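A quick note: this is a predicted structure, and the numbers were derived from the prediction, not measured. A note on names: the letters A, B, ... follow the listed sequences, proteins ahead of strands, and every chain is numbered from 1.
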2 protein chains.
Amino acid sequence: MSDLSRAPLTKPSHHHGNLRPALIEAGVAILIEDGLDKLTLRRCAARAGVSHAAPAHHFDGVDGLRAAIAEEGFRIFRNYMLDARGNVGPDPHERIKAICRGYIYFATDFPALFELMFNIKVIYDMVTSPVVPDSALGYDVLRDTCTPFVAPDADPILVETQVWSLIHGYGTLLLAGRFGGSNPDAPLGPIFDPVMALLDQLTVHQPGQTGA
Amino acid sequence: MSDLSRAPLTKPSHHHGNLRPALIEAGVAILIEDGLDKLTLRRCAARAGVSHAAPAHHFDGVDGLRAAIAEEGFRIFRNYMLDARGNVGPDPHERIKAICRGYIYFATDFPALFELMFNIKVIYDMVTSPVVPDSALGYDVLRDTCTPFVAPDADPILVETQVWSLIHGYGTLLLAGRFGGSNPDAPLGPIFDPVMALLDQLTVHQPGQTGA
DNA sequence: CCATTGAATTTGACAGTGTAAATTTTCCAC
DNA sequence: GTGGAAAATTTACACTGTCAAATTCAATGG
């Protein structure tokens, strides 16, 4: 135990120590402090204390860096949903509304990160990538929470898509300022509960049924 | 009727004729042909046949140009919803589903334009602007179509938000490739109808009721 | 008819961006 | 130690948005 002060967990590598996670962390910090349009390869490099061309050895261009930052964002996002769901009882409707609350809490806590993650190009690459599992997108949490409403031999994607569509659209409207400026007393927005009441109509979905 | 070949409708102004609409049209064409990341002040200027600094006299920077292009996009978007609604009968549920179809048809016909319009920054500026009316966002069509489900003294925003959230979230999932590659036989995606069946639960919303 | 005026446009410049190649630094295996 | 490979830097280039100065051109007043 001598001078491993700069070697956190994985192997200390060569120069910087752990440049890749450092760049991702720098990117998240820039998103939080300065917003999406300030997220730049050169800025992340400067914040991590390396030259502007260093990131090229760890990411496939700026798109690769953005994808890695989004991946980290989805990790936080998933934990938000899990935390919210952990605070409610076993009622299936309550559990669905809980992950929706977690969803919106994340969106309002990290709006720029949220915007990056659900950028069409970024999420398209993750969704269609064969190496990114559903769990990396938090989609496994949604799936688990929706199972009580899916009949044994039915396709779960229907109920999942209903819930996911409603909550994502609502989050977009909220961040777009449709319900007025943000209010610390109501971080979910003024009509979260009544809007989500649409999900009270969910019942066990029988295969061949129309859906609600 | 001599040489007014370059003067379409309004006054020919000085140099170019009608540079502002020409730049907007160039931007829309670039979005359709090349995608959102190729939408550039200099590129629009080049396509309109003017120098790279000419747009500055007609728009407030690149953000102003993007806002103007988005405004034009919302005009097309609104017509898509009106056209779709014009093809169905008076049943309120059918009319709501019709504008949802128009919504998705627009998203799949103009994905890059759709992405620009619903960029958080762009739509936030339009939503919160005191000079941009709801009709400029197509929101009036949504409101009109939802009125059968709003009690006389109830706030219409609840039902509107339920419908808008569901369809916008679904459109995002569709463009994100969640349902596989695009299929010309099912441009709305493979589960549009069952997902939208959630809206069959809409009834006249009484004030004080929880929402669905 | 011509000079003047002023808006529209162009030109030139600058800082910032992503990316690529060549170069230097650093560490690990031998 | 020494060689080689990985990591990081330096340098360069094309492209972007923005600004200030110069230029062009249409309309107007004389």
(message) With nearest nucleotide decided by heavy atoms, which residue, A:P55 or B:D63, maps closer to the 5′ end of DNA chain D?
(response) A:P55
(message) If the cut-off is 4.0 Å, is B:H57 near the phosphate of C:dT10, judged by side-chain N/O to OP1 or OP2?
(response) no
(request) Considering only NZ, NE, NH1 and NH2 on the basic side and carboxylate oxygens on the acidic side, decide whether A:R66 and A:E71 come within less than 4.0 Å. (result) no
(request) Let me know the distance between CG of B:L41 and P of D:dC19, rounded to the nearest Å. (result) 11 Å
(request) May I have the distance from A:L36 (atom CG) to C:dT17 (atom P), rounded to whole angstrom? (result) 14 Å
(message) I need the CG-P distance between A:D34 and C:dG16, as an integer number of Å.
(response) 15 Å
(message) Heavy-atom nearest nucleotide on DNA chain C for A:G61 versus B:A54: which residue maps closer to 5'?
(response) B:A54
(message) Measure CZ/A:R66 against C1'/C:dT19 and give the value in whole Å, please.
(response) 14 Å
(message) Quick check: on DNA chain D, is the nucleotide nearest B:T40 upstream (toward 5') of the one nearest A:G49, or the reverse? Name the residue that is more 5'.
(response) A:G49
(request) Between C:dA20, D:dA8, D:dT16, spot the one nearest the side chain of A:L19, thanks. (result) D:dA8
(message) Tell me the interatomic distance from A:D37, atom CG, to C:dG16, atom C1', rounded to whole angstroms.
(response) 13 Å
(message) With a 4.0 Å cut-off on N to O distance, would you call B:R143 and B:D140 a salt bridge?
(response) no
(request) Give a yes-or-no answer on whether the side chains of B:D109 and B:Y80 include a donor-acceptor pair shorter than 3.5 Å. (result) yes
(message) Checking contacts here: which listed nucleotide (D:dT9, D:dC19, D:dT18) is nearest the side-chain heavy atoms of A:V50?
(response) D:dT9
(request) Flag the pair B:R178 and A:D134 as a salt bridge only when some basic side-chain nitrogen lies within less than 4.0 angstrom of an acidic carboxylate oxygen. (result) yes
(request) Under 4.0 Å between any heavy atoms, over every strand shown, what does B:S51 touch: base, sugar-phosphate, or nothing? Just pick one. (result) base
(message) How many whole angstroms separate atom CG of A:L39 from atom C1' of C:dG18?
(response) 13 Å
(request) Scan B:Y139, B:F106, B:F118 and name whichever one has a ring pair (Phe, Tyr, Trp, His ring centres under 6.0 Å) with B:F74. (result) B:F118
(message) For A:H93, give me all partners under ring-ring contact (aromatic ring centres under 6.0 Å, His included), at least two apart in sequence or on another chain.
(response) A:F149
(message) Between B:H168 and B:Y103, is there a side-chain donor-acceptor contact under 3.5 Å, judged purely by atom types and distance?
(response) yes
(message) Rounding to an integer number of Å, can you tell me how far A:L65 CG sits from C:dT17 P?
(response) 13 Å
(request) Can you check whether any acceptor in the base of D:dT11 is under 3.5 Å from a donor in the side chain of A:H52, or vice versa? (result) yes
(request) Can you check whether any acceptor in the base of C:dG18 is under 3.5 Å from a donor in the side chain of A:R42, or vice versa? (result) yes
(request) Specify the separation, in whole Å, of atom CZ of A:F59 and atom P of C:dT19. (result) 13 Å
(request) Starting from the first five and the last five pairs of the helix from C:dC1-D:dG30 to C:dC30-D:dG1, work out the angle between the resulting helix axes, to 10 degrees. (result) 10°
